[in-house]
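The block underneath contains the structure these notes are about, expressed in structure tokens.
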Amino acid sequence: MTSSRTMSWLLSITLIAIVGFLLTAIGLAGPLKSGFQLLSEPLIATVERITSPVVDLVGNAGSYGEIRNENRDLRLENERLRADLARLREERSRADEVDELLNLRTARRNETFAFAAVIGHDPNPARDVIAISRGNSDGIREGMPVLGRGGALVGTVERVQEGMSWVRLITDTQSDVNALVQESRAQALASGGADGRITMQFLVQGVEVKPGDTVLTSGLGGTYPSELLIGRIASVDGSTLDVFKSAHVEPAVSLSTLESVAVLTSFQPLKLGGR
Amino acid sequence: MNTALLVALAFAAVLVDVAAAPGATVFAVRPQLTLVLIALWSVLRPSAEVMLLAPAAGIMLGLLGNEALGVSVLALAPIVVLGISSTGRSTERRIFTSIGLVVAGTLAYALIHAILNSVLGRPFPLEFGSLRMLVILCVVNAALAAMLYWPLARLPSDTSMRDEIRRY
């Protein structure tokens, strides 16, 4: 019974297959297949979208070792690229600073400079002194002004060694710079303080000094050239009854993040400005 | 099971084969879901169902695949014949029958496919020409059958079949 049923089924199957072969032979199968494929296309796309996560999983299951190796290589490459990126960012930041320092050559054509990197800080917490990578052999001499970005004054060379120098920053307690307020032409000593701030003392009461005013070197005394930017007035102290008033000066350059400086080698100080 | 449902099932299996299988390569071969489904169906389900499922799937493979119409109809026939002759065993034992059938069916399908396509002037598929690939395909299909066996074995029995058994 089952056998005859199977035989008749096989016969039917063979007939269906023969019809299929004939349709293929006479060329009718092509349009039929095209039509069916066209109708099924959205369904195929849907199934493809639904099954793609499983397909990915199955497709990658046979290449586990390969994926593991690739993953390891990519991790290594990622680490290398991160290190490169950090280095490039650092170099770019340094290059920007150096670019600004190099602009000094254009701004001050008659002057000569020695560019140096900041290589250290004086460990003494009471001092604001940095070490730079140029020394005696580079023409650095004591008392030479040291400039930062944009040509702003950052300090003066305090001590020179063969391959390096120590620079006393304008915020150091031993730093005194003859300064003037550009707007009012008021002149006073800009001295570093223990609190790391610069104070202009002995400003005459009659002269108007207000926050935001620009402070430059006056050139008096010959220890610094004139018209070097020091910073801006941050606040003014003292009542009208006082004989003198004082003002706090915010340096034009962030001295705590200095990385490169330019030493004004063409300037020869008449005397050292240390107290 | 309803005829329409069986045709839909055949269509779904072929769709998955056509849409998903090209990317799902395991050891460089693509598992044949339709073939595995028919093999399992022939062991686990009433013969009347697989006798409809197999030709429906064969026709759809012909319509959607790159082969002559009718080739898959004939290539799937040995699986059905072998499957419906292996009855009367427990569900636990039938898993080995099913996997054996999938391996035999894979070989028969590949052989018939290759012969018919050659006769009909179709290009000979490279994966069937390689014995090594054929062996891998048997293993991959058998693994797929092992995964699908238990879900299919838990499908509720056909009501007409139950009535037939009750009458018997």
Side-chain angles (χ1 to χ4, degrees), chain A residues 1-70, chain B residues 11-31 33 47-48 50-52 54-56 58-78 80-85 87 112 116-117 119-122 136 140 143-144 147:
Chain A
M1 177 69 182
T2 309
S3 174
S4 64
R5 192 178 161 206
T6 308
M7 285 304 291
S8 59
W9 178 80
L10 272 174
L11 196 63
S12 312
I13 288 297
T14 311
L15 279 172
I16 292 169
I18 289 168
V19 170
F21 297 156
L22 285 173
L23 285 172
T24 307
I26 61 174
L28 277 175
L32 198 65
K33 285 174 77 148
S34 300
F36 195 73
Q37 279 166 358
L38 201 68
L39 287 171
S40 308
E41 212 167 84
L43 280 171
I44 291 173
T46 308
V47 171
E48 207 170 347
R49 201 169 50 246
I50 293 168
T51 56
S52 63
V54 181
V55 168
D56 281 346
L57 188 72
V58 172
N60 291 328
S63 49
Y64 172 73
E66 194 181 317
I67 289 168
R68 193 182 54 190
N69 290 340
E70 191 180 347
Chain B
F11 186 48
V14 173
L15 271 182
V16 172
D17 258 351
V18 171
T25 52
V26 182
F27 302 115
V29 297
R30 296 192 293 266
L33 177 68
S47 59
V50 78
M51 281 177 165
L52 180 64
I59 291 167
M60 282 164 195
L61 277 171
L63 286 169
L64 286 174
N66 181 29
E67 60 179 44
L69 209 57
V71 170
S72 280
V73 175
L74 274 185
L76 289 169
V80 177
V81 176
L82 286 170
I84 57 178
S85 61
T87 52
I112 294 170
L116 287 177
N117 273 313
V119 169
L120 294 167
R122 295 264 167 165
I136 296 170
V140 169
L144 181 63
M147 283 191 281

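Lettering follows sequence order; numbering is per chain, from 1. All values reported here derive from a predicted model rather than from experimental measurement.
Using a 4.5 Å cut-off between heavy atoms, A:L23 contacts chain B through its side chain alone, with no backbone atom that close. For B:L76, no part lies near chain A; criterion is any non-hydrogen pair under 4.5 Å. Heavy-atom distances place both the backbone and the side chain of B:A48 under 4.5 Å from chain A. Interface remark: B:V140 contributes no atoms to any contact with chain A (heavy atom separation under 4.5 Å). Heavy atoms closer than 4.5 Å to chain B are found in both the backbone and the side chain of A:I44.
Minimum heavy-atom separation, A:L43 to B:L15: CB-CD1, 3.8 Å. Between B:G70 and A:A17, the shortest heavy-atom contact is O-CB, 3.5 Å. Heavy atoms only, all atoms of each residue included: B:I59 and A:I16 are closest at CD1-CG2, 4.0 Å. In terms of heavy atoms, A:W9 sits closest to B:P55 at CZ2-CD, 3.9 Å.
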For B:S47 and A:R5, what are the C-alpha separation, side-chain angles and deciding distance, and is it a side chain to side chain contact (heavy atoms under 4.5 Å, CB included)? CA-CA 10 Å; B:S47 59; A:R5 192 178 161 206; 3.3 Å; yes
Where do A:T6 and B:M51 land on the side chain to side chain contact (heavy atoms under 4.5 Å, CB included) test, with the steps shown first? CA-CA 9 Å; A:T6 308; B:M51 281 177 165; 4.1 Å; yes
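Between the side chain of A:K33 and the main chain of B:A68, no donor-acceptor pair closer than 3.5 Å is present.
Not a single side-chain contact (heavy atoms from CB on, under 4.5 Å) links A:S8 to another residue, sequence neighbours left out. Not counting sequence neighbours, the partners of B:F11 by the ring-ring contact (aromatic ring centres under 6.0 Å, His included) test are A:F36.
Shown here is A:Q37, whose CD atom has more than 12 heavy atoms of other residues, nucleotides or ligands within 6.0 Å.
Taking CG from B:L69 and CD1 from A:I18, the interatomic distance works out to 13.0 Å, rounded to the nearest 0.5 Å.
Of the listed residues (B:G58, B:A54, B:G62, B:S72), the greatest number of heavy-atom pairs within a distance under 4.5 Å of chain A belongs to B:G62. Contact count versus chain A (heavy atoms, under 4.5 Å) is highest, among B:V81, B:V80, B:L64, for B:L64.
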